[in-house]
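Just so it is clear, the values below take in all heavy atoms, side chains as well, and ignore hydrogens, waters and symmetry mates. For the single chain, residues carry numbers from 1 onward in sequence order.
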Amino acid sequence: MDHISNVSTVRVFTLSAFSDIMTLRVPVFSVTLLCYCVILFVNVSLVTIIILDENLHEPMYILLCVSCINGLYGTAGFYPKFLFDLLSSSQVISYSSCLCQAFAMYSFVCSDTSILTVMAYDRYLAICRPLQYHSVMTKRRLSELVFLSWFTPFCIFSINILLTTRLTFCGTNIQRLFCVNWLIVKLACPGTNTLVNDAFALTTLTIYICHLLFVVWTYIYLVKTCVRSREDRAKFMQTCVPNLISLAILFVTVVSDLMHMRFASKDLPQSFHNFVAIAVLFIPPVTNPLLYGFRLNKIRSRVLVHVKAKTMSFTWRLYPLHPLSTMLFNNKMSTVR
């Protein structure tokens with residue numbers, strides 16, 4: 001009974017991966033804040049452009065908008081807490097907050113995988129089945145696919161977290177900058193049955209490996225189709241390559257983290273452990289909007305229009321009485337319109 005009462009008092013976990021960072025907390029805080037601001041800026045900008053421009057209300061751009069929103073959700077589960085911990089004297093997190101953060105991290109990664117899979121399916125229909133595209137990828141079908149991309153991971157990881165809540169814990173030390181469900185389960189008391197947790201985690205992994213296999217099959221078919229004509233090759237390079245690069249980045253960062261978490265040597269520097277851990281929370285949320293912003297003509301042209309309009313507006317305000325600047329501003333604005 002005493003053992004049970006002692007276990008029940010474990011309601012706070014310690015994030016012990018901060019040991020090497022705290023000596024450089026000011027520069028790390030500054031760089032992290034800058035990175036988070038960049039993530040917010042590029043993702044919010046792309047979401048705003050897609051929502052406000054009716055010409056971009058097409059499945060591919062809507063899916064890109066959803067991907068950016070998912071990136072904002074995932075990073076919100078890490079960066080604010082991480083920045084707070086850098087300013088705090090102790091890096092601890094409550095039991096419930098730890099489970100919520102683990103849920104956010106996992107659901108973000110899996111939702112991103114699902115959304116990129118739907119984007120690959122959309123490109124497959126657009127290039128390989130162009131005559132059927134509009135009849136298959138209707139607004140209702142798109143809404144259903146987006147809903148499933150979010151709802152399925154949320155349901156799966158709700159079950160994962162519920163399975164974790166039934167455990168009793170004897171450890172409080174999480175060797176990470178943030179909570180991960182697998183490491184929380186490892187803190188369960190000796191003799192605790194975690195077989196169900198392991199089995200469900202393996203099932204979850206299998207589901208998302210199937211996602212990736214579907215994407216591989218889709219792109220094999222896309223490549224076979226696109227080599228037949230120059231027009232299809234141009235479509236592939238413009239709209240499929242960003243999706244393929246995004247998937248490759250997500251796959252490499254996630255697999256690297258999983259392999260590192262389970263098999264990496266403890267002799268490696270803590271800074272390297274930390275870099276691998278947060279790569280998935282920085283690289284995809286930054287590269288995805290930038291990749292699509294530069295590669296997709298409609299988005300790139302829309303961004304350039306906004307930049308030109310803002311630049312000329314600033315020039316006009318800076319030199320309002322100069323006839324040349326006024327004439328240039330009026331000409332540019334008429335071109336923009």
Take atom CZ in Phe154; do more than 12 heavy atoms of anything else shown fall under 6.0 Å from it? yes
Side-chain contact test, heavy atoms from C-beta onward, threshold under 4.5 Å: evaluate it for Tyr36 versus Pro80 and give yes or no. yes
To check you understand the geometry: which heavy-atom pair defines the closest contact between Pro284 and Pro289, and what is its length? O-CD, 4.1 Å
Looking at Phe29, does the NZ or CZ of Arg25 lie under 6.0 angstrom from its six-membered ring centre and within 45 degrees of the ring axis? no
Has Tyr79 got a side-chain atom pairing as donor or acceptor with Gly74's backbone, closer than 3.5 angstrom? no
OG1 of Thr32 to CG of Leu177: how many Å apart, nearest 0.5 Å? 9.5 Å
For the residue pair Phe178 and Phe82, is the inter-centroid distance of their aromatic rings smaller than 6.0 Å? no
Cys128 and Tyr221 have their tightest heavy-atom pair at SG-CD2, 3.7 Å
In this structure, is the centre-to-centre distance between the rings of His211 and Tyr208 below 6.0 Å? yes
If I take atom CG from residue Leu247 and atom CD1 from residue Ile115, how far apart are they, to the nearest 0.5 angstrom? 11.0 Å
Side chain proximity check, Phe103 to Asn181, heavy atoms < 4.5 angstrom: no
Should Asn70 and Ser107 be marked as a side chain to side chain contact (heavy atoms under 4.5 Å, CB included) after you check the CA-CA gap, both sets of side-chain angles, and the distance that decides it? CA-CA 9 Å; Asn70 188 61; Ser107 57; over 6 Å; no
Please check if the side chain of Thr75 supplies one atom and the backbone of Leu72 the other of a donor-acceptor pair under 3.5 Å. yes
Using a 4.5 Å side-chain heavy-atom cut-off and chaining through intermediate ILVMFWY residues, the residues clustered with Leu131 come out as none
When you compare the side chain of Trp182 with that of Thr164, does any pair of heavy atoms fall below 4.5 Å? no
Using a 3.5 Å distance criterion without hydrogens, assess whether the side chain of Thr253 forms a donor-acceptor pair with backbone atoms of Leu250. yes
Would you say that more than 12 heavy atoms from the other residues, nucleotides or ligands in this model lie under 6.0 Å from the NE2 of His134, or not? no
Report the distance from atom OG of Ser90 to atom CG of Leu15, rounding to the nearest 0.5 Å. 10.0 Å
Per side-chain contact (heavy atoms from CB on, under 4.5 Å), Leu64 is matched among Leu291, Leu46, Leu56 by Leu46
Nearest heavy-atom approach of Met119 to Met60 is CE-O, 4.3 Å
Common cluster, Leu244/Ile209, ILVMFWY with side-chain heavy-atom separation under 4.5 Å: yes
Does CZ belonging to Phe251 count more than 12 external heavy atoms closer than 6.0 Å? no
Do Ile174 and Leu187 come within less than 4.5 Å of each other through their side chains, counting heavy atoms only? yes
So, for Asn193 and Arg166, which heavy atoms are closest and what is the spacing to 0.1 Å? O-NH2, 3.1 Å
Determine whether Ser149 and Ser111 make a side-chain contact, defined as any pair of heavy atoms from C-beta on separated by less than 4.5 Å. no
Cluster check Ile156, Leu213: I/L/V/M/F/W/Y, side chain < 4.5 angstrom: yes
Do Cys65 and Ile51 touch side chain to side chain, with heavy atoms closer than 4.5 Å? yes
Is there a continuous path of hydrophobic side-chain contacts, each under 4.5 Å between heavy atoms, that joins Ile283 to Met105? yes
Thr48 side chain near Leu52 side chain, heavy-atom distance below 4.5 Å: yes
May I have the step-by-step check of side chain to side chain contact (heavy atoms under 4.5 Å, CB included) for Asp112 and Asn288, ending in yes or no? CA-CA 11 Å; Asp112 218 24; Asn288 287 357; 4.0 Å; yes
Validation row, ring centre Tyr106 to ring centre Phe157 under 6.0 Å: yes
Check whether any side-chain N or O of Ser88 sits under 3.5 Å from a backbone N or O of Phe84 as a donor-acceptor pair, and report yes or no. no
Below 6.0 angstrom between ring centroids: does that apply to Phe108 and Phe78? no
Donor-acceptor pair, side chain of Ser45 and main chain of Phe41, under 3.5 angstrom: yes
Determine, stepwise, if the pair Thr165 / Tyr95 fulfils side chain to side chain contact (heavy atoms under 4.5 Å, CB included). CA-CA 10 Å; Thr165 58; Tyr95 173 72; 3.8 Å; yes
Heavy-atom distance under 4.5 Å between the side chains of Gln175 and Leu183, does that happen here? no
Just by modelled atom types, is the Pro285 backbone N or O under 3.5 Å from a matching donor or acceptor in the Asn43 side chain? yes
Quick check for you: to the nearest 0.5 Å, what is the distance between Leu145 atom CG and Arg140 atom CZ? 12.0 Å
Any donor-acceptor N/O pair, Gln91 side chain to Phe18 backbone, under 3.5 Å: no
Ignoring hydrogens, what is the shortest heavy-atom contact between Leu167 and Leu163? Give both atom names and the distance. CG-O, 3.9 Å
Could you measure the distance from the OG atom of Ser96 to the CD1 atom of Ile161? Nearest 0.5 Å is fine. 11.5 Å
Test of understanding: clusters of I, L, V, M, F, W, Y form through side-chain heavy atoms closer than 4.5 Å, transitively. Do Val44 and Ile62 belong to the same one? yes
From CD1 (Ile93) to OG1 (Thr172), nearest 0.5 Å: 13.0 Å
Taking Arg141's backbone N and O only, do any of them form a donor-acceptor pair with Thr138's side chain (distance below 3.5 Å, no angle check)? yes
Are Val118 and Phe151 connected in the hydrophobic side-chain network, where two residues link if heavy atoms are under 4.5 Å apart? no
Looking only at side chains, do Asp53 and Tyr61 share a donor and an acceptor under 3.5 Å apart? no
Begin with the C-alpha distance, continue with both residues' side-chain angles, and end with the deciding distance and a verdict on side chain to side chain contact (heavy atoms under 4.5 Å, CB included) for Val92 and Phe13. CA-CA 6 Å; Val92 296; Phe13 293 110; over 6 Å; no
Is it the case that Ser16 and Asn173 place a side-chain donor and acceptor less than 3.5 Å from each other? yes
